[in-house]
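Only this structure's heavy atoms are used, side chains among them; waters, hydrogens and symmetry mates stay out. Bear in mind the structure is a predicted one, so any value in this text is a computation, not a measurement.
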Amino acid sequence: MKSITPTSLCRGRRSAVGRRGLTLIELIMALGIMTLIGATIAGMLSAVAYGTDEDSDVRKLVARKKTVSMRINAAVRGSQRVLDAGQTADQTWLVLWGRDLDGNDAPSLLEIRLLEYDTAARTLSSYAAPDGTADVAYTLADDFDTITDTLRGTADFPETRWVNDAEAFDVTLDDADPQSAKLVSYRLSLIAGNLTDTAIGTAKLRNEQ
């Protein structure tokens with residue numbers, strides 16, 4: 001039987017302590033590596049999520065730009081005259097006279113449409129009288145800015161929201177006199193997340209006057 005001396009016992013204890021210390025160091029190193037791997041994976045997932053959100057915003061912008069451009073172009077091309085147009089710090093507006101439904105060579109409530117951009121709300125809306133509204137006759141000399149401003153939002157001239165989150169809307173006519181214009185050009189800046197895109201177009205009036 002092997003004898004155990006104090007020297008060998010101390011040596012055994014030191015060896016055991018050494019082994020325990022090495023194991024602790026390895027554990028710390030392993031934890032550090034795992035932390036680094038976890039941080040890397042988290043960063044990759046975050047980048048993927050950000051890229052996915054950005055792709056979604058791009059798709060939203062493209063869809064909204066196409067839709068609102070089609071609506072503006074259709075409204076202008078379906079109209080025979082611009083009755084009024086203007087821009088202030090608060091809003092941009094365009095009053096269109098569509099078809100002369102009653103054939104009297106003068107606009108009326110059922111024949112006009114207001115396109116209005118609200119700077120504070122960042123919205124572009126269309127206003128038009130629904131079928132069944134009591135018609136009101138106007139003349140070309142009337143103040144259509146005041147007329148439509150008074151009517152907009154009422155039951156006789158309700159709002160149809162065309163787009164939200166619009167940063168700016170600018171309208172340019174090819175004539176200083178709105179009622180003599182034949183072309184309507186526009187720039188509409190849209191926002192989705194951190195992205196911005198601009199719908200730019202020019203539409204020709206029917207000009208039947």
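- Under the 30°/60° scheme for interplanar angles, the aromatic rings of Tyr127 and Phe157 are found to lie parallel.
- Residue Arg122 holds its CZ atom at 5.5 Å from CG of Asp165, rounded to the nearest 0.5 Å.
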Quiz item: Checking side-chain contact (heavy atoms from CB on, under 4.5 Å) for the pair Arg206/Arg81: CA distance, chi angles, key distance, verdict?
Solution: CA-CA 8 Å; Arg206 291 171 58 238; Arg81 192 189 295 262; over 6 Å; no
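- A donor-acceptor pair under 3.5 Å links the side-chain atoms of Asn73 to the main chain of Ser69, judged by distance alone.
- Electrostatic pairing of Asp197 and Lys65 counts as a salt bridge here, judged by a charged N lying under 4.0 Å from a carboxylate O.
- For the residue pair Asp102 and Asn104, the shortest heavy atom distance occurs at OD1-OD1, 2.6 Å.
- A single hydrophobic cluster is not seen to contain both Leu110 and Leu83; linkage of ILVMFWY side chains at heavy-atom distances under 4.5 Å, directly or through other members, places them apart.
- Separating the OG1 atom in Thr196 from the CG atom in Leu190 is a distance of 9.0 Å, to the nearest 0.5 Å.
- Distance CG/Asp156 to CG/Leu109: 6.5 Å, rounded to 0.5 Å.
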Practice problem: Verify side-chain contact (heavy atoms from CB on, under 4.5 Å) between Asp118 and Asp90, making sure each step is shown before the conclusion. | Solution: CA-CA 6 Å; Asp118 187 315; Asp90 298 325; over 6 Å; no
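- Trp97 and Val136 fall within a single hydrophobic cluster, where Ile, Leu, Val, Met, Phe, Trp and Tyr are joined by side-chain heavy atoms under 4.5 Å apart, directly or via other members.
- With hydrogens and angles disregarded, no donor-acceptor distance shorter than 3.5 Å links the side chain of Asp174 to the backbone of Ala181.
- With hydrogens and angles left out, the side-chain atoms of Thr172 and Ser185 include no donor and acceptor closer than 3.5 Å.
- Here the CG atom belonging to Leu124 is positioned 9.5 Å from the OG1 atom belonging to Thr92, to the nearest 0.5 angstrom.
- Two residues are said to be in side-chain contact when any heavy atoms from C-beta on lie closer than 4.5 Å; Thr123 and Arg161 meet this criterion.
- For Arg71 (side chain) and Trp162 (main-chain N/O), a donor-acceptor pair under 3.5 Å exists by modelled atom type.
- Using a 4.5 Å cut-off on side-chain heavy atoms (C-beta onward), Val95 and Val82 make no contact.
- Asp175 contributes no side-chain N or O that, together with a main-chain N or O of Pro178, makes up a donor-acceptor pair within less than 3.5 Å.
- Hydrophobic clustering of Ile, Leu, Val, Met, Phe, Trp and Tyr side chains at less than 4.5 Å, counting indirect connections, keeps Ile200 apart from Val163.
- Nearest heavy atoms, Asp145 versus Thr148: O-OG1, 3.3 Å.
- Salt-bridge check for Glu116 with Arg152: passed, with a basic side-chain N closer than 4.0 Å to an acidic carboxylate O.
- Residues Glu159 and Ser126 are not in side-chain contact: their nearest non-hydrogen atoms beyond the backbone lie 4.5 Å or more apart.
- Remark: side-chain polar atoms of Thr67 are not paired, donor with acceptor, to backbone N or O of Arg64 under 3.5 angstrom.
- Two residues are said to be in side-chain contact when any heavy atoms from C-beta on lie closer than 4.5 Å; Leu205 and Val76 meet this criterion.
- A side-chain N or O of Asp170 and one of Gln87 form a donor-acceptor pair less than 3.5 Å apart.
- Side-chain atoms of Leu195 and Val58, non-hydrogen and from C-beta on, do get closer than 4.5 Å to each other.
- Here Gln80 contributes atom CD and Asp100 contributes atom CG; the two are 5.5 Å apart, rounded to the nearest 0.5 Å.
- No single ILVMFWY cluster, assembled from side-chain heavy atoms under 4.5 Å apart, contains both Ile191 and Val68.
- Judged purely by atom type and a 3.5 angstrom limit, Arg113 has no side-chain atom pairing as donor or acceptor with the backbone of Ala128.
- When the side chains of ILVMFWY residues are joined at heavy-atom separations under 4.5 Å, either directly or via intervening members, Met70 and Phe169 end up in two distinct hydrophobic clusters.
- In this structure, Thr198 contributes its side chain and Leu188 its backbone to no donor-acceptor pair below 3.5 Å.
- Formation of a donor-acceptor pair under 3.5 Å by the Arg187 side chain with backbone atoms of Gly201 is not found in this model.
- Note: Tyr117 OH to Trp93 CH2 = 14.5 Å, rounded to the nearest 0.5 Å.
- The minimum heavy-atom distance between Ala75 and Leu115, with the atom names listed, is CB-CD1, 4.5 Å.
- No side-chain donor-acceptor contact under 3.5 Å links Thr133 to the backbone of Ala129.
- Proximity of a side-chain donor or acceptor of Ser108 to a complementary backbone N or O of Ala137 within less than 3.5 Å is not detected.
- The shortest side-chain heavy-atom distance between Tyr186 and Thr202 does not fall under the 4.5 Å cut-off.
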